[in-house]
**Q** 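Sharing a structure below in structure tokens format, with a few things to ask.
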Amino acid sequence: YMFNVRHLQQAQTKLKEDSEIRVNVDLLKQSRKGVVMEEHVDSERLVPGDLFYLKEKGRVPCDCLILTGAALVNENYITGDAYPIRKGCI
């Protein structure tokens with residue numbers, strides 16, 4: 001197989017930069033009484049299974065599933081696609 005090392009290095013650099021992004025998100029938490037509350041937290045505190053709102057033009061440094069709405073996702077550094085891809089809810 002032939003690989004373009006420059007593109008691989010660029011992709012690795014972009015992934016590293018994106019993993020260092022820290023943003024605030026509105027995390028949804030359910031209390032013991034069943035009441036759903038929002039808590040404004042740093043994205044560094046997100047763990048698998050968390051539900052959160054992502055505001056328009058927001059970015060998060062993690063894999064996630066879209067439960068409602070849609071988003072344009074830039075996967076250029078992974079797939080090489082020149083344009084963002086529209087992703088919808090599951």
Side-chain angles (χ1 to χ4, degrees):
Y1 295 101
M2 184 183 293
F3 293 98
N4 186 327
V5 175
R6 189 181 101 238
H7 288 288
L8 178 61
Q9 290 171 335
Q10 289 172 346
Q12 289 173 331
T13 300
K14 181 70 174 148
L15 280 170
K16 185 177 184 309
E17 289 171 1
D18 281 357
S19 68
E20 294 170 354
I21 294 171
R22 292 177 62 191
V23 295
N24 288 320
V25 296
D26 293 322
L27 183 65
L28 300 177
K29 293 219 170 200
Q30 188 169 6
S31 72
R32 293 179 189 210
K33 295 181 181 180
V35 178
V36 176
M37 303 175 297
E38 287 184 34
E39 181 182 349
H40 201 65
V41 300
D42 189 287
S43 60
E44 190 174 72
R45 292 185 47 205
L46 292 174
V47 296
D50 280 348
L51 297 175
F52 62 91
Y53 287 113
L54 183 60
K55 299 197 179 355
E56 187 175 337
K57 299 195 184 217
R59 294 173 59 180
V60 287
C62 62
D63 291 336
C64 51
L65 296 173
I66 300 172
L67 300 178
T68 61
L72 288 176
V73 179
N74 182 0
E75 297 179 339
N76 177 279
Y77 51 93
I78 297 171
T79 64
D81 290 336
Y83 302 100
I85 299 169
R86 181 176 169 81
K87 301 281 185 169
C89 59
I90 57 172

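Values below: all heavy atoms of this structure, side chains included; hydrogens, waters and symmetry mates excluded.
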**Q** Picking from Val47, Asp50, Leu51, Asp42, what satisfies side chain to side chain contact (heavy atoms under 4.5 Å, CB included) with Leu27?
**A**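 Result: among Val47, Asp50, Leu51, Asp42, Asp50 is the only option passing the side chain to side chain contact (heavy atoms under 4.5 Å, CB included) with Leu27.
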**Q** Answer with yes or no whether the hydrophobic clustering places Leu67 together with Val73; edges join I, L, V, M, F, W, Y residues whose side-chain heavy atoms lie under 4.5 Å apart.
**A**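 Different clusters: Leu67 never reaches Val73 through Ile, Leu, Val, Met, Phe, Trp or Tyr contacts under 4.5 Å.
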**Q** Please examine the side chains of Leu28 and Glu38, heavy atoms only from C-beta on, and report whether any two atoms are closer than 4.5 Å.
**A**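 The answer is yes, as the side chains (C-beta and beyond) meet within the 4.5 Å cut-off.
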**Q** Of Thr68, Ile66, Leu65, which is the lone residue that meets side chain to side chain contact (heavy atoms under 4.5 Å, CB included) with Ile90?
**A**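 Among Thr68, Ile66, Leu65, the one that satisfies the side chain to side chain contact (heavy atoms under 4.5 Å, CB included) with Ile90 is Leu65.
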**Q** Looking at CG of Leu46 and SG of Cys64, how far apart are the two atoms once the value is rounded to the nearest 0.5 Å?
**A**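 It is 9.0 Å, given to the nearest 0.5 Å.
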